[in-house]
Colleague: 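One structure coming up, written as structure tokens, with questions to follow.
The figures that follow rest on heavy atoms only: side chains count, while hydrogens, waters and symmetry mates do not.
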Amino acid sequence: MLKGTSSELEVTQLKNSNWKQNLFVIFDKGSTMIGLVLLFVILSIVTTDFLTVDNLINVTRQATVLCIMAVAMTFIIITGGIDLSAGSQIAVSGVVVSGLIVAGVPIPLAVLLAIMVGGVIGLFMGTIVSTQKIPPFIVTLGMTTILSGLAFVYTQGNPIAVSDAAFRALGRGYIGPIPIPVIIMVIVVVIGHILLTHTRFGRYVYMIGDNEEAARLCGINVNLVKTGVYVLGGAVMAIAGIILASRLSTGSPNSGTGSELDAIAAVVLGGTNLFGGEGKIIGTLMGVAIISILNNGLNLLDVSSYNQLMIKGVVILLAVWLNSIKARKKMSV
């Protein structure tokens with residue numbers, strides 16, 4: 001009798017365990033998509049302009065800078081790192097490319113040099129993080145102030161206006177019906193996805209984020225890979241900064257302020273584990289869509305900029321909270 005009761009109890013516990021595991025899998029895989037669909041439906045109902053073709057094209061074009069930043073941030077966060085200097089990197093790359101063009105440097109060369117500057121910034125941060133074992137949070141927070149100061153020194157505090165139509169086309173032009181920034185964004189996303197999922201470098205990125213010591217024992221040059229991730233991140237952030245400067249026709253030391261928070265929120269909303277080892281570019285795309293649609297919807301609803309900051313702050317906290325819940329669930333399942 002007791003044996004039968006024990007067996008029934010074990011079966012019941014197993015069923016409960018399977019039910020919880022299945023529920024967690026559904027939550028883990030579908031939460032971002034569910035949130036995106038709900039946001040899309042709600043804004044379609046409460047605003048009359050959201051579903052118009054012009055507005056949807058505008059949302060996509062506005063999302064390009066954030067999306068490119070988020071792709072770079074995905075690599076960094078998967079390794080267990082963070083980059084709080086992303087907004088300042090946007091400002092530096094914008095003022096560098098604008099200053100070079102105004103000085104008479106050909107646009108392709110100016111763009112290439114600005115991207116190289118971004119790569120050098122990433123190299124500097126990555127080297128410190130990987131070799132000196134200083135937490136990325138501290139390194140990138142310090143670099144935020146340094147880079148912001150450099151941008152203001154370079155411009156003497158004044159925005160650099162660029163009147164060159166060819167440069168402005170990078171941020172405003174079209175190829176057929178498709179905005180050029182969207183084409184650049186798609187190229188960055190595709191390359192990022194391939195790097196992360198179909199290359200040895202991508203596998204190493206996941207392994208380091210999952211267990212850095214185990215990766216080192218497997219023969220992976222952890223310092224080199226982590227530095228490479230920050231170099232890649234700096235170069236890609238520079239591309240985002242160039243597009244923003246082109247769209248505004250101005251390189252400003254104030255541009256990009258706070259954009260790193262949107263990028264981090266998009267990555268985390270997209271399912272990337274804030275503690276490293278897990279994440280996908282596809283998920284990041286959905287996170288970017290949520291942030292971009294939310295920004296657009298708040299503007300259409302004429303919500304004040306101050307209230308928008310509070311709402312986005314709540315979204316970031318919610319994203320981190322959900323990420324923490326998923327991390328704890330995976331440890332217990």
Side-chain angles (χ1 to χ4, degrees), residues 24-25 28-29 68-86 89 115-143 187-239 260 263-264 266-268 270-285 287 320 323-324 326-333:
F24 169 65
V25 169
D28 185 31
K29 300 300 182 183
I68 292 170
M69 292 179 67
V71 168
M73 195 71 74
T74 301
F75 279 82
I76 293 170
I77 293 179
I78 289 176
T79 64
I82 199 76
D83 188 357
L84 298 178
S85 69
Q89 291 182 55
I115 293 174
M116 290 176 64
V117 168
V120 170
I121 292 171
L123 176 63
F124 179 74
M125 292 191 298
T127 300
I128 294 177
V129 168
S130 61
T131 62
Q132 302 304 311
K133 309 305 178 186
I134 302 175
F137 178 88
I138 301 300
V139 174
T140 59
L141 182 61
M143 283 300 294
I187 293 171
V188 171
V189 167
V190 170
I191 293 175
H193 175 72
I194 292 172
L195 273 177
L196 201 54
T197 59
H198 293 85
T199 67
R200 183 178 299 177
F201 175 74
R203 290 195 296 273
Y204 289 172
V205 167
Y206 281 112
M207 291 175 67
I208 290 171
D210 188 53
N211 191 322
E212 184 173 322
E213 186 57 31
R216 184 176 285 108
L217 292 174
C218 289
I220 297 173
N221 190 332
V222 173
N223 290 349
L224 181 62
V225 174
K226 290 177 73 172
T227 301
V229 166
Y230 280 93
V231 171
L232 175 66
V236 174
M237 295 294 182
I239 294 173
E260 65 278 356
I264 293 170
V267 173
V268 176
T272 298
N273 192 333
L274 196 56
F275 304 102
E278 181 184 6
K280 293 181 179 179
I281 298 297
I282 300 301
T284 294
L285 279 178
V320 174
N323 191 282
S324 179
K326 293 200 299 186
R328 290 198 300 269
K329 287 289 186 181
K330 288 189 174 180
M331 292 178 64
S332 62
V333 170

Colleague: Got a second to check how far Phe137's CZ is from Leu84's CG, nearest 0.5 Å?
Modeller: 5.5 Å
Colleague: Nearest 0.5 Å, please: how far is CD1 in Ile134 from OG1 in Thr140?
Modeller: 11.5 Å
Colleague: Under a 4.5 Å cut-off applied to non-hydrogen side-chain atoms, are Asp83 and Glu260 in contact?
Modeller: no
Colleague: Could you tell me if Ser130 and Thr227 have a donor-acceptor pair between their side chains, going purely by distance under 3.5 Å?
Modeller: yes
Colleague: Is there any salt bridge (Lys or Arg N to Asp or Glu O under 4.0 Å) pair reaching into residues 216-232, and which pairs are they, with sequence neighbours excluded?
Modeller: Glu212-Arg216, Glu212-Lys226, Glu213-Arg216
Colleague: Can you tell if the side chain of Ile281 reaches within under 4.5 Å of the side chain of Phe75, non-hydrogen atoms only?
Modeller: yes
Colleague: State, to 0.1 Å, how close Ala238 and Ile115 come at their nearest heavy-atom pair, and which atoms those are.
Modeller: CB-CA, 3.8 Å
Colleague: Measuring from atom CD1 of Ile220 to atom CE of Met207, what distance do you get when rounded to the nearest 0.5 angstrom?
Modeller: 3.5 Å
Colleague: Starting at OG1 of Thr272, measure out to CD of Glu278 and round the result to the nearest 0.5 Å.
Modeller: 8.0 Å
Colleague: Testing the basics here: between Gly81 and Pro136, what is the closest heavy-atom pair and its distance to 0.1 Å?
Modeller: CA-CG, 3.9 Å
Colleague: With a cut-off of 3.5 Å and sequence neighbours excluded, list every side-chain donor-acceptor pair involving residues 193-201.
Modeller:
from: Thr197; atom 1: OG1; to: His193; atom 2: O; distance (Å): 2.6
from: Thr199; atom 1: OG1; to: Leu195; atom 2: O; distance (Å): 2.4
from: Thr199; atom 1: OG1; to: Gly202; atom 2: N; distance (Å): 3.1

Colleague: Compare every heavy atom of Gln89 with every heavy atom of Gly233, then report the nearest pair and how far apart it is.
Modeller: O-OE1, 4.4 Å
Colleague: Between Leu232 and Ile76, is any pair of side-chain heavy atoms under 4.5 Å apart?
Modeller: no
Colleague: Check whether any side-chain heavy atom of Asn223 lies under 4.5 Å from a side-chain heavy atom of Lys133, and answer yes or no.
Modeller: yes
Colleague: Report the C-alpha distance between Ile77 and Ile82 in whole Å, list the side-chain angles of each, state the deciding distance to 0.1 Å, and finish with yes or no for side-chain contact (heavy atoms from CB on, under 4.5 Å).
Modeller: CA-CA 5 Å; Ile77 293 179; Ile82 199 76; 4.1 Å; yes
Colleague: Just wondering, more than 12 heavy atoms not from Phe124 lying within 6.0 Å of its CZ?
Modeller: no
Colleague: Can you measure from OH (Tyr230) to CE (Met237) and round to the nearest 0.5 angstrom?
Modeller: 10.0 Å
